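Single-structure report; data block below.
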Amino acid sequence: MFLKDARIRGRTVERQAVQRFNVRCSCITRQDLTAAQMAERYLKHLQAITRACAQPGLFVYAVHDHRVERLGLSDLPANEHT
């Protein structure tokens, strides 16, 4: 699942759904990006996201400009400065 933000980690009902159904999520943590910039970022890291999806279980990955980072579901959203 591609997400516009990482708020799912802080919302109990949504987080429980991710856990219950083993959803694999990728999110953009920066809210100042345009839709085109977000799409470009996802496409830039599509190979890494695809590799992560091959692994069993649920996850939430933050898709940064220069890296993809696995996040815990209970973590607070991280600030990104890239």
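Since the model is a prediction, treat every value here as computed from it, not as a measurement.
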Note: A17 and V23 closest approach over all heavy atoms is O-CG2, 4.2 Å
Note: T34 and Q37 closest approach over all heavy atoms is N-OE1, 2.7 Å
| said: Can a donor-acceptor pair be found, under 3.5 Å and without considering hydrogens, that links the side chain of Y42 to the backbone of S26? | reply: yes
Smallest heavy-atom separation, K44 atom then H66 atom, equals NZ-ND1, 4.1 Å
Sorted by chain and number, sequence neighbours left out, side chain to side chain contact (heavy atoms under 4.5 Å, CB included) with A52 holds for F59, Y61
Between the OG1 atom in T29 and the CZ atom in R41, the distance rounded to the nearest 0.5 Å is 7.0 Å
Side chain to side chain contact (heavy atoms under 4.5 Å, CB included) filter on R51, not counting sequence neighbours, yields Q47, A48
Looking only at heavy atoms, the pair that brings I49 and V63 closest together is CD1-CG2, 3.9 Å
Shortest non-hydrogen pair, R70 vs L58, comes out as NH2-O, 2.9 Å
Contacts of N22 meeting side-chain hydrogen bond (donor to acceptor under 3.5 Å, both in side chains) (sequence neighbours excluded), chain-then-number -> none
Residues at least two apart in sequence or cross-chain that pass side chain to side chain contact (heavy atoms under 4.5 Å, CB included) with E40, listed by chain then number, are none
Here the salt bridge (Lys or Arg N to Asp or Glu O under 4.0 Å) pairs for residues 17-28, sequence neighbours left out, are none
By side chain to side chain contact (heavy atoms under 4.5 Å, CB included), T50 pairs with (sequence neighbours left out) L46
To the nearest 0.5 Å, atom CZ of F2 lies from atom SG of C27 at 11.5 Å
